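In this text the structure is predicted, and so the values were computed from the model without any measurement. Throughout, residue positions are numbered sequentially from 1 according to the sequence presented.
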Amino acid sequence: MDGLLTTVVVVVAAFAFAAIGFLVKERRLPRPWPAVLAAACGAALLVQLVTDWPFPTGFWADHGVVTSVLSSVLLLGVAYLVYEDRELRIQDRLDASLTAAGVGGIVDKLVDVDVALGLVCGAEDPRASGWTDYSSTGRPLRWLRQHPERLVARDGRPADDDPRGWAARLPATPDPAWRVDLVDQCIRRLLTAIRDWSPVINTSRNGTQVLIAIAELRKDLMVLAARLTDDAHDPLPLLTSLRQRVRLLSAFLEALSGAVPPRPEILQTFDPMQPAGELAWTADPKARDLFQTGWRRLLADTERQLRSGSVNR
């Protein structure tokens, strides 16, 4: 009976190790845990060896299968966890240097998209709001730099003439084609960000997830462009979600870049589009969980602070 109980315990321990290995591989455990677990496996293996020889207890000799399974699991655990700990250290160095610099370079593109989506909520094309250089040709959204002073935050909130402070609505307009053009320029702007910065930030897992989040924005912008001319679907909920997600992503990446203080155009509030419930990050609700622990924590803190109206630096 004791042998059966011990066998069950060892088998359960093997499955537990498999679960731990999955969590480590998916970067779901805090940073020091792989090293701690590797040390624990090494210590357990040493205890097994010592109690087999030179201080035999007789148990391991009487339970050959249990001995083989346990020693294999512990030996594999040491090798695997040491390797993963090394990989995590490499990822941490990349995230602290190349990835942080790269995501900082994406922020200005996201700010441009945020402004353009605000302009979509107007009744007339951007020329009526003072952007006389507005054009559908040339570099996408470059004309937004005509009035940079309008995009300077006031205590973390949009200025009175900043389109990011406009309510999410779609008033009647004589020709909705300019809205589709604005969304198309947003798509092209994000494609530029992916093209320019993917060689820098896709070297780390976190950087790859940032690129995926931007690609999700691009995909949903394409859906929005189609809905703006389709009476069968209301485009406003998707437009609101996109504005919220772009706002969150720009503040999050600015925080990751280490910019202190943040750039003056970075808003520190969701207003006037405070999410009523959980903010859908991407089409995949689990996408944010794919970041490593520190990034997930910072993302959650940024979202919470944007909801409260201020981002602490």
Side-chain angles (χ1 to χ4, degrees), residues 22-35 81-114 186-221 242 244-268 279 281-306 311-313:
F22 172 79
L23 293 176
V24 171
K25 185 66 177 177
E26 294 297 314
R27 308 295 192 262
R28 301 293 182 86
L29 295 180
R31 175 65 188 83
W33 274 98
L81 292 170
V82 167
Y83 170 79
E84 286 297 330
D85 182 65
R86 175 179 174 275
E87 288 297 303
L88 281 175
R89 292 178 187 275
I90 294 174
Q91 292 295 313
D92 287 345
R93 287 197 295 270
L94 288 172
D95 289 338
S97 54
L98 290 178
T99 305
V103 296
I106 296 175
V107 172
D108 62 328
K109 278 81 170 175
L110 292 169
V111 170
D112 289 345
V113 171
D114 197 0
C186 291
I187 295 171
R188 291 159 54 200
R189 189 68 167 149
L190 292 182
L191 285 174
T192 300
I194 295 173
R195 180 199 66 196
D196 292 347
W197 292 103
S198 60
V200 177
I201 69 175
N202 70 357
T203 54
S204 74
R205 176 174 179 145
N206 285 331
T208 301
Q209 296 308 319
V210 170
L211 292 174
I212 292 174
I214 295 175
E216 288 279 351
L217 287 174
R218 171 191 166 274
K219 181 190 71 175
D220 287 346
L221 283 167
L242 282 165
Q244 292 167 345
R245 286 158 55 187
V246 170
R247 186 78 53 86
L248 174 58
L249 192 57
S250 59
F252 172 53
L253 297 186
E254 181 74 355
L256 285 171
S257 71
V260 180
R263 280 170 279 189
E265 64 268 26
I266 304 301
L267 297 183
Q268 301 176 2
L279 178 60
W281 177 242
T282 63
D284 180 3
K286 297 182 179 180
R288 65 174 63 208
D289 296 334
L290 297 178
F291 288 122
Q292 292 183 16
T293 304
W295 284 45
R296 290 201 307 272
R297 186 181 301 114
L298 180 58
L299 176 60
D301 289 344
T302 302
E303 180 178 348
R304 182 169 55 253
Q305 291 158 353
L306 284 173
V311 178
N312 298 323
R313 301 290 182 181

Leu256 CG to Ile106 CD1 distance, which is reported to the nearest 0.5 Å
10.5 Å
Once salt bridge (Lys or Arg N to Asp or Glu O under 4.0 Å) is applied, do any residues pair with Arg263, and if so which ones, sequence neighbours excluded?
Glu254
Under a 4.5 Å cut-off applied to non-hydrogen side-chain atoms, are Pro262 and Gln268 in contact?
yes
Could I get the full list of salt bridge (Lys or Arg N to Asp or Glu O under 4.0 Å) partners for Arg297, not counting sequence neighbours?
none
Nearest 0.5 Å, what's the CZ-CD distance between Arg247 and Gln244?
9.0 Å
On a heavy-atom basis, which atom in Leu221 and which in Cys186 lie closest, and how many Å separate them?
CD1-CB, 3.9 Å
Set out, in order, the CA-CA distance, both residues' side-chain angles and the distance that settles side-chain contact (heavy atoms from CB on, under 4.5 Å) for Leu248 and Arg245, then state yes or no.
CA-CA 5 Å; Leu248 174 58; Arg245 286 158 55 187; 5.8 Å; no
Closest approach of Ala251 to Ile266 (non-hydrogen atoms, all atoms of both residues)
CA-CG2, 4.2 Å
Shortest non-hydrogen contact from Thr99 toward Ser204:
OG1-OG, 2.9 Å
In Å and rounded to the nearest 0.5 Å, what is the CD1 to OG1 distance from Ile187 to Thr192?
12.0 Å
side-chain contact (heavy atoms from CB on, under 4.5 Å) between Leu249 and Ile214: does it pass, once the steps are laid out?
CA-CA 9 Å; Leu249 192 57; Ile214 295 175; 4.1 Å; yes
Minimum heavy-atom distance Gly104-Ser257, with the two atoms named
CA-CB, 3.7 Å
Taking all atoms of both residues into account, what is the closest heavy-atom pair of Val103 and Ile201, and its distance?
N-CG2, 3.9 Å
Residue set satisfying salt bridge (Lys or Arg N to Asp or Glu O under 4.0 Å) with Arg218, at least two apart, ordered chain then number -> none
Checking Phe291 against Val210 for the side-chain contact (heavy atoms from CB on, under 4.5 Å) test, could you report, in this order, the C-alpha distance in whole Å, the side-chain angles of both residues, the deciding distance, and whether it holds?
CA-CA 9 Å; Phe291 288 122; Val210 170; 4.0 Å; yes
Within 6.0 Å of CZ in Arg86, more than 12 heavy atoms from elsewhere:
no
Quick one: are Leu110 and Leu190 in side-chain contact, heavy atoms under 4.5 Å?
yes
Tell me the closest heavy-atom pair linking Lys109 and Trp197, and the distance in Å.
NZ-NE1, 3.7 Å
Within this structure, what is the CZ-CG distance for the pair Arg304 and Leu299, rounded to the nearest 0.5 Å?
10.5 Å
Going by the salt bridge (Lys or Arg N to Asp or Glu O under 4.0 Å) test, which pairs reach into residues 189-199, not counting sequence neighbours?
Asp112-Arg189
Residues at least two apart in sequence or cross-chain that pass salt bridge (Lys or Arg N to Asp or Glu O under 4.0 Å) with Asp85, listed by chain then number, are Arg31, Arg89
